[in-house]
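Working notes, structure below.
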Amino acid sequence: MKAPVRVAVTGAAGQIGYSLLFRIASGEMLGKDQPVILQLLDLPQAQNAVKGVMMELEDCAFPLLAGMVATDDPEVAFKDVQVALLVGARPRSKGMERKDLLAANAEIFTVQGRALNKVADRNVKVLVVGNPANTNAYIAMKSAPDLNPNNFTAMLRLDHNRALSQIAAKTGKAVADIEKLAVWGNHSPTMYADYRYATINGESVKTMINDHEWNRDVFLPTVGKRGAAIIEARGLSSAASAANAAIDHIRDWVLGTNGKWVTMGIPSDGSYGIPQEVMFGYPVTCENGQYKIVEGLEIDEFSRERINFTLAELEEERAGVAHLLG
Ligand code: NAX
């Protein structure tokens with residue numbers, strides 16, 4: 001039996017947490033032969049609810065669940081963790097302005113970045129799900145100077161999966177056969193889902209669809225506003241699909257993609273003209289626990305416009321929190 005991997009999940013009492021924890025404990029994220037210890041962080045007032053979730057996890061009798069910890073202290077939750085899923089965040093309350101939301105989250109992710117810096121495993125892989133995910137991941141990264149910045153990532157995988165399923169519906173083909181999709185930028189309606197290089201059984205998706213208006217007026221708005229459409233229909237924000245995307249993101253990062261492209265929000269290395277350190281959605285492949293940006297894609301005028309648009313939003317968010325970073 002392998003040694004257990006310590007996995008931290010923040011916002012453990014929330015709705016994404018409830019869809020996420022059982023799947024991690026059953027081995028869907030790190031493999032069916034990999035025991036895990038769950039280290040659950042939530043606010044003091046949510047500790048009772050976390051206990052309830054832990055009771056249910058116990059009642060599943062998962063063979064791979066080697067232990068659990070519940071706490072409201074980030075330094076306890078992140079102690080020696082090799083994977084950290086930062087899901088908990090401050091939601092926008094009524095009348096709250098965008099800058100206040102950014103500031104409230106900046107505080108949370110500064111504290112959590114510092115705690116990771118102090119107590120986490122030196123190779124911890126961090127995924128930020130809590131919104132604004134890219135900027136929160138950027139703040140956590142900047143607050144953890146002793147850790148490798150490349151180990152901080154933001155979740156764009158839900159946008160990627162949403163785009164895959166829209167393309168499958170449009171072409172009448174199977175999701176599993178779609179390769180080489182890219183989503184650029186921020187996890188927000190400004191993201192740019194780009195199927196120019198995508199193929200289905202070797203055939204070009206762009207040629208198959210051959211409809212620029214559909215791309216611009218239907219596909220991009222549908223993917224970009226999917227979160228709002230789900231809130232409208234369900235009365236609650238996406239949870240199971242978000243948890244599923246988080247599992248996909250970490251599984252692929254740890255176990256590899258076999259050459260398949262996936263989308264991750266990662267600190268830019270300057271590729272495609274994105275300023276260094278901006279937490280940006282890129283197409284990547286993963287191997288041996290490392291991701292690698294897919295390089296050499298031609299960026300046409302329409303794509304450059306879209307990429308600049310989502311970049312401008314990220315730069316604005318980054319400028320909005322700059323004074324809060326020491
Ligand atoms: P919930 O409100 O159901 O749960 C959030 C949980 O986080 C609560 O239990 C709360 O007590 C806890 N929490 C708040 N502040 C905390 C802190 N400082 N430390 C630890 N725990 C804290 O929200 P849920 O639906 O689970 O969504 C969680 C986050 O994911 C939100 O920020 C949401 O906007 C974001 N999402 C991100 C997505 C993405 O693709 N990146 C998609 C889905 C989702 O909208």
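All ligand and atom numbering here is 1-based and tracks the order in the structure. When reading the values below, keep in mind they use all heavy atoms of this one structure, side chains included, and skip hydrogens, waters and symmetry mates. Everything numeric here is computed off the predicted structure, so don't read it as measured data.
In summary, the side chains of T257 and E287 do not present any donor paired with an acceptor at a separation below 3.5 Å, with no hydrogens or angles considered. For the residue pair R162/S238, the side-chain donor-acceptor check at 3.5 Å is satisfied. No side-chain donor from either of N210 and T207 sits under 3.5 Å from a side-chain acceptor of the other. A side-chain donor-acceptor contact under 3.5 Å links E317 and N186.
Here the heavy atom of the protein found nearest to atom 39 (C) of ligand 1 is H187 NE2, 3.1 Å. Among all non-hydrogen protein atoms, the one lying nearest atom 11 (O) of ligand 1 is D42 OD1, 2.6 Å. What sits closest to atom 29 (C) of ligand 1 on the protein, heavy atoms only, is V87 O, 3.2 Å. Closest to atom 37 (C) of ligand 1, if we only count protein heavy atoms, is V129 O, 2.9 Å. Taking atom 4 (O) of ligand 1 as the reference point, the nearest protein heavy-atom neighbour is G14 CA, 3.2 Å. For atom 27 (O) of ligand 1, the nearest protein heavy atom (residue, atom name, distance) is I16 CD1, 3.4 Å. Nearest to atom 17 (C) of ligand 1 among the protein's heavy atoms is L43 CD2, 3.6 Å. Scanning the protein for heavy atoms near atom 19 (N) of ligand 1, the closest one is Q112 NE2, 3.4 Å.
Proximity to I108 (heavy-atom distance under 4.0 Å) selects the following atoms of ligand 1: 18 (N). Close contacts between ligand 1 and A242 involve ligand atoms 42 (C), 43 (C) [criterion: under 4.0 Å to a heavy atom]. Remark: ligand 1 atoms within the under-4.0 Å shell around heavy atoms of S237 are 25 (O). Applying the 4.0 Å criterion to heavy atoms of L158 picks out, from ligand 1, the atoms 40 (O), 42 (C).
Checked by atom type and distance alone, the side chain of Y282 pairs as donor or acceptor with a backbone atom of S271 at under 3.5 Å. For R234 (side chain) and S237 (main-chain N/O), a donor-acceptor pair under 3.5 Å exists by modelled atom type. Judged by distance alone, the side chain of D121 and the main-chain N or O of N123 form a donor-acceptor pair under 3.5 Å. No side-chain donor-acceptor contact under 3.5 Å links R157 to the backbone of I247.
Here's the thing with N131: one of its N/O atoms is less than 3.5 angstrom from an N/O atom of ligand 1. In terms of polar-atom proximity, defined here as any N/O pair under 3.5 Å, T10 makes no such contact with ligand 1.
Partners of I209 according to the side chain to side chain contact (heavy atoms under 4.5 Å, CB included) rule, which considers only residues two or more places apart in sequence or in another chain, are K170, T171, Y195, V205, D211, W214. Residues forming a side chain to side chain contact (heavy atoms under 4.5 Å, CB included) with N151 (at least two apart in sequence, or on another chain): N148, W253.
Between S238 and ligand 1 there is a heavy-atom distance shorter than 4.0 Å. Residue contacts with ligand 1: G227 is excluded, as none of its non-hydrogen atoms falls under 4.0 Å.
In the displayed structure, F309 atom CZ is contacted under 6.0 Å by at most 12 heavy atoms of other residues, nucleotides or ligands. Within a 6.0 Å sphere centred on CZ of R226, other residues, nucleotides and ligands contribute 12 heavy atoms or fewer.
The proximity of A13 to ligand 1, defined as any non-hydrogen pair under 4.0 Å, involves the side chain as well as the backbone.
For atom 25 (O) of ligand 1, the nearest protein heavy atom lies closer than 4.0 Å.
The residue among A89, P74, G11 with a heavy atom at the shortest distance from atom 14 (C) of ligand 1 is A89.
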